[in-house]
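The block underneath contains the structure these notes are about, expressed in structure tokens.
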Amino acid sequence: MFTGIITDLGRVRRIRRRDAGCELTIETAYEIAAIASGASIACSGVCLTVVATEPGAFSVDVSAETLARSTLGEWTLGAPVNLERALRLGDELGGHLVSGHVDGVARIRDRREEGESVRFTIEAPAALAPYIASKGSVALDGISLTVNEVAGAAFGVNIIPYTLAHTTLGETVTGRRINIEIDPIARYVARLAAFAPTPPDEA
């Protein structure tokens with residue numbers, strides 16, 4: 001589990017393509033000695049398992065399924081990557097619970113300055129739109145954000161200067177595709193509602 005609070009902005013150092021999937025090596029400021037093989041790290045919202053480390057970087061395997069359901073297949077050398085280590089018991093929950101299981105890919109419809117902040121309008125996949133609510137939570141490229149407003153499949157988020165400077169959103173432009181994970185609470189509420197038993201007719 002993660003919280004959606006990005007703790008490092010890494011870069012893609014190496015990409016090794018395979019018949020199915022690939023291996024990505026990502027540069028990081030994390031202490032490499034503290035990253036164990038098998039550790040989970042959220043990479044722009046996708047929970048990946050560390051398979052190897054080297055000075056200043058770690059490597060992860062990415063399956064064909066993950067490439068198909070996220071933006072990772074579009075990454076190039078030097079691409080910025082939002083990084084977050086897995087949540088430990090006792091850690092501060094500064095964002096919201098994030099599983100690292102990306103639900104799909106959204107698109108940046110609009111970006112505009114709003115004072116010192118930036119307002120993004122995001123176009124969500126139609127199947128995910130019902131799970132996004134005003135003042136609810138959503139994870140975009142692994143970043144925990146509060147939804148400002150919703151209009152159909154589109155929703156708005158306001159990004160403060162700190163987040164712009166320390167995440168990939170600072171380089172994000174209109175039209176770019178972005179990983180999206182809906183609030184897991186919304187997912188389970190919808191599931192329960194769909195299978196709620198019908199009360200018997202009153203006598």
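In what follows, every heavy atom counts, from backbone to side chain, and hydrogens, waters and symmetry copies are set aside.
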Short question: side chain of [X], backbone of [Y] - any donor-acceptor pair under 3.5 Å?
X	Y	result
T76	A79	no
S59	T53	no
S117	E113	no

**Asked** When E181 is tested against each of S99, S144, S137, S70 for side chain to side chain donor-acceptor pair (under 3.5 Å), which residue passes?
**Response**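 In the set S99, S144, S137, S70, the residue that makes a side chain to side chain donor-acceptor pair (under 3.5 Å) with E181 is S99.
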
**Message:** Here's a test for you: under side chain to side chain donor-acceptor pair (under 3.5 Å), which of R11, R16, R14, R13 qualifies with T25?
**Reply:**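 Going through R11, R16, R14, R13 one by one, the side chain to side chain donor-acceptor pair (under 3.5 Å) with T25 is satisfied by R14 alone.
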
**Request:** For the pair L72 and L24, evaluate side-chain contact (heavy atoms from CB on, under 4.5 Å) and give the outcome as yes or no after the intermediate values.
**Result:** CA-CA 9 Å; L72 273 62; L24 296 173; 4.2 Å; yes

Identify the heavy atoms of [X] and [Y] that sit nearest to each other, and give their distance.
X	Y	value
D61	L48	O-CD2, 3.9 Å
A124	F155	CB-CE2, 4.0 Å
E114	N158	OE1-OD1, 3.5 Å

Measure the [atom1]-[atom2] distance between [X] and [Y] for me, rounded to the nearest 0.5 Å.
X	Y	atom1	atom2	result
L169	I178	CG	CD1	5.0 Å
E27	F58	CD	CZ	10.5 Å
L67	R69	CG	CZ	12.5 Å
I35	S40	CD1	OG	11.5 Å
Y131	D103	OH	CG	9.0 Å
I160	H166	CD1	NE2	10.5 Å

With no hydrogens and no angle check, do the side chains of [X] and [Y] hold a donor and an acceptor under 3.5 Å apart?
X	Y	answer
E84	T3	yes
N82	T167	no
N179	S44	no

**Message:** side-chain contact (heavy atoms from CB on, under 4.5 Å), that's the test. Do I180 and V102 meet it? Break it down for me.
**Reply:** CA-CA 6 Å; I180 181 171; V102 168; 5.5 Å; no

**Single-linkage hydrophobic cluster, 4.5 Å side-chain cutoff, L87 and V98 together** = no

**Prompt:** In terms of side-chain geometry, is the basic nitrogen of R119 or D110 positioned less than 4.0 Å from the acidic oxygen of its partner?
**Reply:** no

**Request:** Output yes when R177 and D141 qualify as a salt bridge under the 4.0 Å nitrogen-oxygen rule, no when they do not.
**Result:**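 Salt bridge between R177 and D141, a charged N being under 4.0 Å from a carboxylate O: no.
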
**Prompt:** Should we say atom CD1 of I185 is surrounded by more than 12 heavy atoms from elsewhere, each under 6.0 Å from it?
**Reply:**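 12 or below, so no.
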
**Message:** For a side-chain contact (heavy atoms from CB on, under 4.5 Å) check, start with the C-alpha distance between Y30 and T7, then their side-chain angles and the critical distance, and finish with the verdict.
**Reply:** CA-CA 9 Å; Y30 290 150; T7 51; 2.5 Å; yes

**Request:** Before giving the answer on side-chain contact (heavy atoms from CB on, under 4.5 Å), spell out for I108 and V173 the whole-Å C-alpha distance, their side-chain angles and the decisive distance to 0.1 Å.
**Result:** CA-CA 7 Å; I108 306 296; V173 296; over 6 Å; no

